[in-house]
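Below is one structure, written out as structure tokens; the observations come after it.
Residue numbering restarts at 1 for every chain, and letters A, B, ... go by the order of the sequence lines. Atom set for the values below is all heavy atoms of this structure, side chains included, hydrogens, waters and symmetry mates excluded.
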Amino acid sequence: MNFVEELRWRGMIHDLTPGTEEYLSKGMGTAYVGIDPTADSLHIGHLVSVMILKHFQQCGHKPIALVGGATGMIGDPSGKSLERNLLDETTLRHNQEAIKKQLSRLLDFESDAKNAACLVNNYDWMKELSFLGFIRDIGKLITVNYMMAKDSVKKRFEGDGEGMSFTEFTYQLVQGYDFVHLFETMECKMQLGGSDQWGNITTGTELIRRKLGAEAYGLTCPLIKKADGTKFGKTESGNIWLDARYTSPYKFYQFWLNTSDEDAKSYIRIFTMLGREEIDALIAEQDAAPHLRPLQKRLAEEVTCMVHSRGEWEKAVEASQILFGGSTAEALRGLDEETLLAVFEGVPTFKVAASDIDGANFVDFMVEKAPVFPSKGELRKLIQGGGVSLNKEKVEDAARAISSADLIAGKYLLVQKGKKNYYLIVAE
RNA sequence: GGGGGAGUACCAGAGUGGCCAAAUGGGACAGACUGUAAAUCUGUUGGCGCACGCCUUCGGUGGUUCGAAUCCAUCCUCCCCCA
């Protein structure tokens, strides 16, 4: 299978250096992607790079994931208008470990195959490097003029921003040096990344050309966009993380399920390994029966299974059916405690004393005892607009009281704000 | 150093003595419609015992006035022009 061809039909190529296809056609190639360890979990923005590595590996090449322990300490100025905050070493170490764990579930690091994936941390070689050594061996090879011509740098010199520190200016050289190092030690001749990395990648290939007199290659993928122009991978509640502690598998599943038709058509090519025929068939199915959303369902299934597990996917589907499948108050009451908790895992939960329940006024209770809503006025207005439900039944009267008879399984209250926002109240 | 302008709710932006809890647009939230979509339409968007009542808000402070976002003084911040 041809890697470049594969990415091309999936719409995952933004730019590539000349000679890339030829290099990869000569047998097993090696390429790396850099990942900034700014948090102790990857988010779905990282997923694109990981998918590229996955394809790379599937096409018989050797992928390397580079955790940027050193570069993370500097901060990539690309796409940033302000100087970045630096991370301390302890945090970085912790983040690196967590990211390693996540990556190892997505790529094959274990097998004996020649092209098993590999994980490196640039801190391991950067920490040995002396400042003097660096400016002698690397700094000499590149002119400031060349570095200034990069978009990521130019932007910081013009217009808004607040200037750029020497540290960030040097970033591209440091990242370029990674490439040189991997080229020399692992025969890694290619770097992959998002389109914002193009400048950094070409600095690397340039360094390799000047220092080693050798050819190296780069490929970038377009930044993922949503059809409505808003930012991909963010919701009101923030980033979508791969770590279940930050984004529950249910939320994760829901995120993909809720993509628009248009986006789903491109996402399914980018975020799943499904083949061309299968995807074309799904798209045809979607066009024939859009309300059934076969595309979104399949997309959500594939990605959730890949990132979490089939078991988590099944739970997410089950939870979705209970939450959105037109279930009634009776169905809700029919649930046993265990299922209930599983379904509402990750839903904001409030604990109250059981003695506070009986006879309490609904509005007062929801603001004072279990602060689901920030103010009584807002809650009243929502109730008037028909936007609040208790145990799947619309709250009609703002003055209604609650009692222990409202408790599900003797200790839970399920409050809904609108259709999608659930809150669980536990009486203890 | 000289001259001019501006700071209003989440954002943008009206208002320049009482009719201002403050136009309008965007955003956000909710309702209807739907496919848990998009588009559209509707409502809400300072707090409180909420249908015309009270309290806190228009950069800070202090004043004038029966009454101030609006007038005066002063301080702070930002922008523009000239040197």
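Taking 4.0 angstrom as the limit, K417(A) places none of its side-chain polar atoms (N or O) nearer than this to OP1 or OP2 of G31(B). Listed pair N258(A) / G35(B) fails the phosphate criterion, with no side-chain N or O lying under 4.0 Å from OP1 or OP2.
Between R8(A) and E21(A), at least one side-chain nitrogen of the basic residue sits less than 4.0 Å from a carboxylate oxygen of the acidic one, meeting the salt-bridge criterion. Checked for salt-bridge contact, D287(A) and K265(A) meet the test: a charged N lies under 4.0 Å from a carboxylate O.
The aromatic rings of H46(A) and H43(A) lie tilted to each other, with the angle between the two planes from 30° to 60°. Using a 30° and 60° split on the angle between ring planes, Y423(A) and F350(A) fall in the tilted class, from 30° to 60°. The aromatic rings of F179(A) and Y32(A) sit perpendicular to each other, their planes meeting at more than 60°, with 30° as the lower class boundary. Ring orientation note: the planes of F252(A) and W256(A) are nearly perpendicular, at an angle over 60° on the 30°/60° scale.
With the 3.5 Å cutoff on both pairing distances, Watson-Crick and G-U pairs in RNA chain B assemble into runs of at least 3 at B:1-7 with B:76-82, B:10-12 with B:24-26, B:27-32 with B:40-45, B:46-48 with B:53-55, B:59-63 with B:71-75.
Counting heavy atoms from C-beta outward, M28(A) and K62(A) have side chains that approach closer than 4.5 Å.
Rounded to whole angstrom, the span from the NZ atom of K419(A) across to the P atom of G35(B) amounts to 11 Å. One interatomic measurement links the two molecules: CD of E262(A) to P of A39(B), which rounds to 11 Å at whole-angstrom precision. As rounded to whole Å, 17 Å separates atom P of A37(B) from atom CG of L295(A). In this entry the distance linking CG of L292(A) with P of A37(B) reads 15 Å, nearest Å. If you measure from atom OH of Y423(A) to atom C1' of C29(B), you get 10 Å, rounded to the nearest angstrom. To the nearest angstrom, P of A37(B) lies 14 Å from CG of D263(A). The distance between atom NZ of K265(A) and atom P of A38(B), rounded to the nearest whole Å, is 15 Å. One can place CZ of R293(A) at 15 Å from P of U34(B), the figure rounded to the nearest angstrom.
Within the 4.0 angstrom heavy-atom criterion, base atoms lie near S320(A).
Atom name P, nucleotides A68(B) and G17(B): the rounded distance is 14 Å, in whole Å. Spacing between C54(B) and G62(B) at atom P, rounded to whole Å, works out to 25 Å. Comparing C10(B) with C76(B), their C1' atoms are spaced 24 Å from each other, to the whole Å. Rounded to whole Å, the P atom of A69(B) lies 8 Å from the corresponding atom of C58(B). When the P atom is compared between G47(B) and A22(B), the two are found 13 Å apart, to the nearest whole Å. G7(B) and U70(B) are spaced 12 Å apart, taking the P atom of each and rounding to whole Å. Remark: the separation of the C1' atoms in U34(B) and U40(B) is 11 Å, to the nearest Å. With both ends at atom P, the span from C41(B) to G67(B) equals 46 Å, rounded to whole Å.
Under the rule for a ring-ring contact (aromatic ring centres under 6.0 Å, His included), Y412(A) has no partner lying at least two apart in sequence or in another chain.
Annotation: proximity of residues 361-383 of chain A to RNA chain B (heavy atom, distance under 4.0 Å) is found for S375(A), K376(A), G377(A), R380(A), K381(A), L382(A), numbered in ascending order. Taking every heavy atom of residues 393-401 of chain A and every atom of RNA chain B, pairs under 4.0 Å involve K394(A), by number.
For the pair G385(A) and L257(A), both in contact range of RNA chain B, the more 5′-proximal nearest nucleotide belongs to G385(A).
Side-chain contact, T272(A) with E302(A): no donor N or O sits under 3.5 Å from an acceptor N or O.
Judged by distance alone with a 3.5 Å cut-off, a donor-acceptor contact links the side chain of Q254(A) to the base of U36(B). Taking 3.5 Å as the limit, the base of U36(B) and the side chain of K297(A) contain no donor-acceptor pair of atoms between them.
Evaluation of the side chain to side chain donor-acceptor pair (under 3.5 Å) test over residues 274-286 of chain A, restricted to residues two or more places apart or in two chains, returns E278(A)-R298(A), Q286(A)-Q296(A). Counting only residues at least two apart or on different chains, the side chain to side chain donor-acceptor pair (under 3.5 Å) pairs with a member in residues 308-319 of chain A are E301(A)-R310(A).
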- Message: Under the criterion side-chain hydrogen bond (donor to acceptor under 3.5 Å, both in side chains), I'd like the reasoning laid out for Q197(A) against Q191(A): C-alpha separation, chi angles, the key distance, then a yes or no.
- Response: CA-CA 10 Å; Q197(A) 289 302 310; Q191(A) 186 178 170; over 6 Å; no
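With D40(A) contributing its side chain and A98(A) its backbone, the two residues share no donor-acceptor pair below 3.5 Å.
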